[in-house]
Number of protein chains: 2
Amino acid sequence: MSDTEASPEVDARTTHDRLLDAALESFGTKGYDATSLDQLANELGVRKQTILYYHPSKVALLDAVIDRSATELTDALEDAAARSGGGFDRIEAIVRSVFRLAVRRPELLGLLREVTRLGPPASNRILDVFEPMIERATGFLASEMDAGHLRRCDARLLLVSVYSTIVGVATEVEVLRAVGIEPSLRSAAQRRREVIEFLRAALVPD
Amino acid sequence: MSDTEASPEVDARTTHDRLLDAALESFGTKGYDATSLDQLANELGVRKQTILYYHPSKVALLDAVIDRSATELTDALEDAAARSGGGFDRIEAIVRSVFRLAVRRPELLGLLREVTRLGPPASNRILDVFEPMIERATGFLASEMDAGHLRRCDARLLLVSVYSTIVGVATEVEVLRAVGIEPSLRSAAQRRREVIEFLRAALVPD
DNA sequence: ACCGTCGTCTACCAGATGGTAGACACAGCG
DNA sequence: CGCTGTGTCTACCATCTGGTAGACGACGGT
């Protein structure tokens with residue numbers, strides 16, 4: 001706990017953190033299968049065995065990356081939710097925070113996609129962290145419907161719809177290219193605005 | 001063209017078609033990287049070299065699968081659009097046909113996802129086939145907005161939003177599991193209904 | 001009867017992949 | 001000084017990967 005005790009740990013964590021960052025980057029953009037330990041090691045200027053020293057296998061590394069990213073994601077979303085008001089205002093705050101992530105940490109959302117694609121056991125791992133937040137989100141939606149702030153419908157399905165819409169518009173680069181939109185900061189801001197209006201129209205009654 | 005000329009072609013096409021089906025299935029569900037030619041060959045009861053006889057490389061096989069699937073997808077959607085009326089009715093028809101695909105040919109939508117994930121050159125290949133349809137879709141949306149049948153907004157971004165929502169709700173099995181929905185025919189029908197209402201609220205003015 | 005083509009096969013191969021075993025340097029500590 | 005633990009390395013390895021070379025049988029046309 002003292003400084004002299006901590007300093008070797010700091011050195012260790014520096015390398016280890018670089019590894020986790022690089023792994024997140026690669027898993028989140030190229031995908032798990034398309035990432036090899038050798039290539040990851042090269043990027044770090046290190047041998048593959050150094051990776052396997054910290055994490056005994058490739059899936060163990062993936063698990064570690066998932067755990068780290070899951071808490072970062074939930075923290076960002078919980079934070080946005082906490083700062084926001086009620087009703088549609090909170091949904092707008094969530095959308096904004098997802099777009100901020102899409103611009104600043106695209107690998108995080110990429111990893112989320114990749115993990116849902118891989119299915120169990122990876123998806124179960126991220127689900128464990130997300131579940132409480134999902135629970136609270138559906139609760140929030142349901143109570144806002146009761147209060148008449150949101151159009152009434154199945155809260156769980158609404159959550160999936162909103163998730164798909166936001167994450168899709170924020171991250172699906174190739175689909176954007178398909179309709180002739182080159183990703184940029186300006187286009188991201190416009191997409192954010194449009195998706196918020198889209199959701200407002202879909203969700204707010206009257 | 002005669003029967004005697006056609007029958008050997010029929011034999012040939014039977015094997016070749018089985019290959020394309022198996023490749024589509026595997027690329028669309030497990031992903032391109034996670035699919036190996038050996039394993040594909042085993043499923044077919046055939047040696048890897050037979051695959052490479054029909055398609056000289058793995059990417060060539062992917063290209064062939066993409067081409068075949070792209071036309072099947074566009075055919076299904078164009079057909080749904082052609083049978084439908086105007087305004088939101090057409091959008092509803094599209095949603096229904098996507099859900100029908102999600103139930104009956106989930107690999108097709110899975111491949112679509114996989115291809116947009118892989119990026120160019122694969123995504124360009126599918127884009128070539130989709131582009132005219134995308135062009136007509138944005139034109140349709142724009143003209144329906146002009147006619148006052150749809151809420152006014154950026155047509156291209158609207159298309160991306162709708163695409164993300166539909167395909168997400170129709171295919172993201174793990175996300176559905178996350179909110180406690182086990183995929184089934186009945187749940188698919190409910191999801192379809194809810195997503196249609198969601199889109200109707202978002203798109204139809206007044 | 002012969003030839004060419006088509007589909008499939010066996011036999012290989014070079015390279016990459018995830019992973020094991022073990023040596024070496026270096027630090028803190030008794 | 002020597003012991004011990006930590007981080008990194010070299011050296012290997014079995015397996016799998018996409019891909020090449022070439023043989024073999026079946027079959028239709030001439």
Side-chain angles (χ1 to χ4, degrees), chain A residues 1-27 29-66 114 118 121-122, chain B residues 1-27 29-66 114-115 118 121-122 125:
Chain A
M1 301 290 180
S2 71
D3 278 6
T4 56
E5 199 181 29
S7 58
E9 284 177 16
V10 165
D11 270 319
R13 194 182 293 173
T14 302
T15 308
H16 190 199
D17 262 0
R18 287 203 309 142
L19 166 60
L20 288 175
D21 285 345
L24 167 60
E25 166 82 24
S26 194
F27 289 158
T29 58
K30 310 171 49 170
Y32 177 75
D33 290 312
T35 299
S36 88
L37 296 184
D38 276 305
Q39 148 225 321
L40 217 47
N42 281 344
E43 290 173 20
L44 294 167
V46 124
R47 302 295 157 215
K48 173 173 55 177
Q49 285 63 26
T50 304
I51 296 180
L52 291 166
Y53 167 75
Y54 290 104
H55 305 277
S57 74
K58 196 184 174 185
V59 292
L61 175 60
L62 175 64
D63 286 346
V65 170
I66 289 178
E114 175 74 355
L118 290 170
Chain B
M1 302 290 183
S2 71
D3 277 8
T4 56
E5 199 181 25
S7 56
E9 284 178 16
V10 165
D11 269 319
R13 193 181 293 171
T14 302
T15 307
H16 190 199
D17 263 359
R18 286 203 310 143
L19 166 60
L20 288 175
D21 286 344
L24 168 60
E25 166 82 23
S26 194
F27 289 159
T29 59
K30 308 172 50 170
Y32 177 74
D33 289 312
T35 299
S36 89
L37 296 183
D38 276 306
Q39 149 224 323
L40 216 48
N42 282 344
E43 290 174 18
L44 293 166
V46 124
R47 303 292 158 219
K48 173 173 56 176
Q49 285 63 26
T50 303
I51 296 179
L52 292 165
Y53 168 75
Y54 290 104
H55 305 278
S57 74
K58 195 183 175 185
V59 291
L61 175 60
L62 175 64
D63 286 346
V65 170
I66 289 178
E114 174 73 355
V115 168
L118 289 171
R125 198 167 185 97

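Residue numbers begin at 1 in each chain, while the letters A, B, ... track the order of the sequences. Quick caveat: nothing in here was measured; it's all calculated off a predicted structure.
- The side-chain heavy atoms of Y32(A) and V59(A), taken from C-beta on, include a pair separated by under 4.5 Å.
- Look at Y54(A) and you won't find any side-chain N or O under 4.0 angstrom from OP1 or OP2 of dT6(D).
- Between H55(B) and H16(B), the angle of the ring planes lies from 30° to 60°, which puts this pair in the tilted group.
- Here the straight-line distance linking atom CD of E114(A) with atom CD1 of I66(A) works out to 9.5 Å at 0.5 Å rounding.
- For T15(A) and dT8(D), the shortest distance from a side-chain N or O to OP1 or OP2 is below 4.0 Å.
- Atom CZ of R18(B) and atom P of dG7(C) are 14 Å apart (whole Å).
- For Y53(A) and dG7(D), the shortest distance from a side-chain N or O to OP1 or OP2 is below 4.0 Å.
- Once rounded to the nearest 0.5 Å, the distance linking CG of L20(A) with CD1 of I51(A) reads 10.5 Å.
- In this structure K58(A) satisfies the side chain to side chain donor-acceptor pair (under 3.5 Å) test with no other residue, sequence neighbours excluded.
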| task | Encode nucleotides 15-27 of chain D as B, S and - characters from 5' to 3', where the letter depends on protein heavy atoms closer than 4.0 Å: B to the base, S only to sugar-phosphate, - to neither. | result | --BBBBB------

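- A distance of 6.0 Å separates CG of L40(A) from CG of L19(A), quoted to the nearest 0.5 Å.
- Atoms CZ (R47(A)) and P (dC12(D)) sit 16 Å apart, rounded to a whole Å.
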